[in-house]
Peer 1: 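I'd like to ask you about the structure that follows.
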Amino acid sequence: MDLDITQSKIKIKSHNQYSSSTQLSPLTVRPSPLNQFRQWFEAAATGTETSPPVPEPEAMSLATSTSAGVPSVRIVLLKQVDDKGFVFFTNYNSRKSHELSENPTAALAFHWKEIQRQVRVVGTVEKVSEEESTAYYKSRPVGSRIGAWASPQSEVIGEGELQKKVEEVAAKFTLEDGKEADIPRPEFWGGWRVIPTEVEFWAGKQSRLHDRIRYLRDGDGWKIERIAP
C-alpha cells in the first residue's frame with residue numbers, strides 16, 4: 001500500500017490486488033444462501049488449499065439505524081447460523097438494541113481477507129427465544145456473565161465505576177466458601193436473529209473486477225443473480 005500521510009490528510013495512492021481462485025456463478029452456488037454461507041464459513045475457519053484460516057471468521061459488521069434513518073455500525077461476533085438466519089447476543093438496553101427495536105432491519109458484512117471473500121446480508125430482525133438466550137448465556141465464561149450484569153452498555157459512566165460494579169456483582173453471586181453461585185441471565189440480555197432477505201457473496205478479482213452473486217428472497221425461495229463489480 002502506497003500512503004501519503006500529512007498533518008491534514010491521509011491519502012491512499014494504491015491498494016493490494018485481489019486474485020481469488022474462487023469462481024462464482026448462479027448455476028453453481030447452493031440454492032439456499034444459508035447453506036452457501038455455511039460452506040464459505042467453514043473455508044474461512046479452516047483455510048483453503050492456498051490460504052490460511054481467518055483468525056476470527058465470526059467477526060462481522062452490524063449496521064442498524066434509528067427510525068429517522070440515522071445509521072450506526074459496529075463489530076460484533078456471530079454466534080449461530082440456523083435455518084432462519086444469523087444470531088448474535090447483546091444487551092437489550094444497548095444502542096444497537098434500541099435501534100433494532102425502533103427499526104427492525106439490519107445489515108451484516110463479513111470480510112475474510114485471507115481467503116479474499118466477503119459476505120453481505122440484509123434482513124429483518126427478531127429476538128431469539130428466552131430458552132436460546134439462556135442456553136448461550138450459561139455457556140459463557142464466568143467473567144462474561146458477570147460483565148453482562150455489571151455493564152450498562154452504551155451509557156456514559158465515570159472512571160472506575162465499571163470495575164466497582166463488577167466487584168459488586170461478583171460478590172453478589174459468590175458463595176462464602178468461594179464457590180461460584182449460579183449467575184442467572186439478566187432479563188435485559190439476549191440474542192437477536194437477522195432473517196435475511198438479501199445475501200451477497202463476493203470473491204476478489206484483479207483490476208477490481210470482482211465476482212458478485214446475490215440472493216434475493218422470492219416468496220418461499222430465492223432469486224439468484226450475478227451483479228456487476
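In this text the structure is predicted, and so the values were computed from the model without any measurement. Just so you know, residue 1 is the first one in the sequence shown, and it goes up from there.
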Peer 1: Can you sort out the partners of A148 under side chain to side chain contact (heavy atoms under 4.5 Å, CB included), two or more places apart, ordered by chain and number?
Peer 2: Y137, R140, P186, W189
Peer 1: Keeping T46 on the side-chain end and E42 on the backbone end, is there a donor-acceptor pair under 3.5 Å?
Peer 2: yes
Peer 1: Start with the C-alpha gap between E99 and S72, add the side-chain angles, then the distance that decides, and say whether side-chain hydrogen bond (donor to acceptor under 3.5 Å, both in side chains) holds.
Peer 2: CA-CA 9 Å; E99 292 181 356; S72 62; 2.7 Å; yes
Peer 1: Answer yes or no: does atom CG of D83 have more than 12 heavy-atom neighbours from other residues, nucleotides or ligands under 6.0 Å?
Peer 2: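 Counting neighbours around CG of D83, 12 or fewer heavy atoms of other residues, nucleotides or ligands fall under 6.0 Å, so no.
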Peer 1: With F201, which residues qualify under ring pair (Phe, Tyr, Trp, His ring centres under 6.0 Å), at least two apart?
Peer 2: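 Here the qualifying residues are W40, Y215.
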Peer 1: Tell me every residue that passes side chain to side chain donor-acceptor pair (under 3.5 Å) with E225, counting only those two or more places apart in sequence or in another chain.
Peer 2: R214
Peer 1: Without swapping roles, check the side chain of R38 against the backbone of D82 for a donor-acceptor pair under 3.5 Å.
Peer 2: yes
Peer 1: Can you name the nearest heavy-atom pair linking Q36 to R30, along with the distance?
Peer 2: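 So the two residues come closest at OE1-N, 2.9 Å.
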Peer 1: Counting only heavy atoms not in I75 (residues, nucleotides, ligands), do more than 12 fall under 6.0 Å from its CD1?
Peer 2: yes
Peer 1: Using every non-hydrogen atom in the two residues, find where L100 and T105 come nearest and quote the distance to one decimal.
Peer 2: CD2-O, 3.7 Å
Peer 1: Would you kindly confirm whether L216 and W222 end up in one hydrophobic cluster when ILVMFWY residues are joined by side chain heavy atoms under 4.5 Å apart?
Peer 2: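 Unlinked, L216 and W222 end up in two clusters.
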Peer 1: Residues in side chain to side chain contact (heavy atoms under 4.5 Å, CB included) with K79, at least two apart?
Peer 2: L77, F89, Y136
Peer 1: Of all the heavy-atom pairs spanning A59 and F110, show the shortest one and how long it is.
Peer 2: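 Shortest heavy-atom separation between A59 and F110 comes out as O-CD2, 3.7 Å.
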Peer 1: Report yes or no: does W149 contribute a side-chain atom to a donor-acceptor pair with the main-chain N or O of P184 at less than 3.5 Å?
Peer 2: yes
Peer 1: So, the side chain of S101 versus the backbone of S97: is there a donor-acceptor pair under 3.5 Å, distance only?
Peer 2: yes
Peer 1: Please name the pair of heavy atoms, one in W202 and one in R212, separated by the smallest distance, quoted to 0.1 Å.
Peer 2: CD1-CG, 3.7 Å
Peer 1: Enumerate donor-acceptor pairs with a distance under 3.5 Å from any side-chain N or O in residues 113-126 to protein atoms, sequence neighbours excluded.
Peer 2:
unit_1: Q116; atom_1: OE1; unit_2: S19; atom_2: N; d: 2.6
unit_1: Q116; atom_1: OE1; unit_2: S20; atom_2: N; d: 3.3
unit_1: R117; atom_1: NE; unit_2: T22; atom_2: OG1; d: 3.1
unit_1: R117; atom_1: NH2; unit_2: T22; atom_2: OG1; d: 3.0
unit_1: R120; atom_1: NE; unit_2: E200; atom_2: OE1; d: 3.0
unit_1: R120; atom_1: NH1; unit_2: E198; atom_2: OE2; d: 3.3
unit_1: R120; atom_1: NH2; unit_2: E198; atom_2: OE2; d: 2.7
unit_1: R120; atom_1: NH2; unit_2: E200; atom_2: OE1; d: 2.9
unit_1: E126; atom_1: OE1; unit_2: K84; atom_2: NZ; d: 3.4
unit_1: E126; atom_1: OE2; unit_2: K84; atom_2: NZ; d: 2.8
unit_1: E126; atom_1: OE2; unit_2: R193; atom_2: NH1; d: 2.8

Peer 1: Decide whether L34 and W192 are clustered together by the hydrophobic rule: side chain heavy atoms of Ile, Leu, Val, Met, Phe, Trp, Tyr closer than 4.5 Å, transitively.
Peer 2: yes
Peer 1: F86: what forms a ring pair (Phe, Tyr, Trp, His ring centres under 6.0 Å) with it, not counting sequence neighbours?
Peer 2: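 Testing F86 for ring pair (Phe, Tyr, Trp, His ring centres under 6.0 Å), a comparison that skips the adjacent residues, returns F37.
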Peer 1: Quick check: closest heavy atoms across A44 and P57, and the distance to 0.1 Å?
Peer 2: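 Heavy atoms of A44 and P57 come nearest at CB-CB, 3.9 Å.
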Peer 1: Inspect the surroundings of CD in E168 and state if more than 12 heavy atoms from other residues, nucleotides or ligands are less than 6.0 Å away.
Peer 2: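 Check passes, neighbour count above 12.
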Peer 1: Under the 3.5 angstrom rule, does the side chain of S133 hit a backbone N or O of G191 as a donor-acceptor pair?
Peer 2: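 Yes, the answer is positive, given that a donor and an acceptor are paired below the 3.5 Å cut-off.
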Peer 1: For a quick test of reading the model, state the closest non-hydrogen atom pair linking P26 to I213 and the distance between them.
Peer 2: CD-CD1, 3.5 Å
Peer 1: Suppose we screen for side chain to side chain donor-acceptor pair (under 3.5 Å). Which residues come up paired with S67, at least two apart in sequence or across chains?
Peer 2: E102
Peer 1: Would you mind listing every ring pair (Phe, Tyr, Trp, His ring centres under 6.0 Å) that reaches into residues 51-76, with sequence neighbours excluded?
Peer 2: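 Qualifying pairs: none.
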Peer 1: Under the ring pair (Phe, Tyr, Trp, His ring centres under 6.0 Å) rule, what pairs show up with a residue in residues 42-79, not counting sequence neighbours?
Peer 2: none
Peer 1: Which residues pass the side chain to side chain contact (heavy atoms under 4.5 Å, CB included) test with I157, not counting sequence neighbours?
Peer 2: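 Residues passing side chain to side chain contact (heavy atoms under 4.5 Å, CB included) with I157: P152, E161, L162.
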Peer 1: Residues two or more places apart in sequence or in another chain: which of them pass side chain to side chain donor-acceptor pair (under 3.5 Å) with N91?
Peer 2: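 Testing N91 for side chain to side chain donor-acceptor pair (under 3.5 Å), a comparison that skips the adjacent residues, returns none.
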Peer 1: Not counting sequence neighbours, which residues clear side chain to side chain contact (heavy atoms under 4.5 Å, CB included) with K96? List them please.
Peer 2: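 Scan of K96 (side chain to side chain contact (heavy atoms under 4.5 Å, CB included), adjacent residues dropped) gives L62, R74, V76, F88, T90, S94, Q153.
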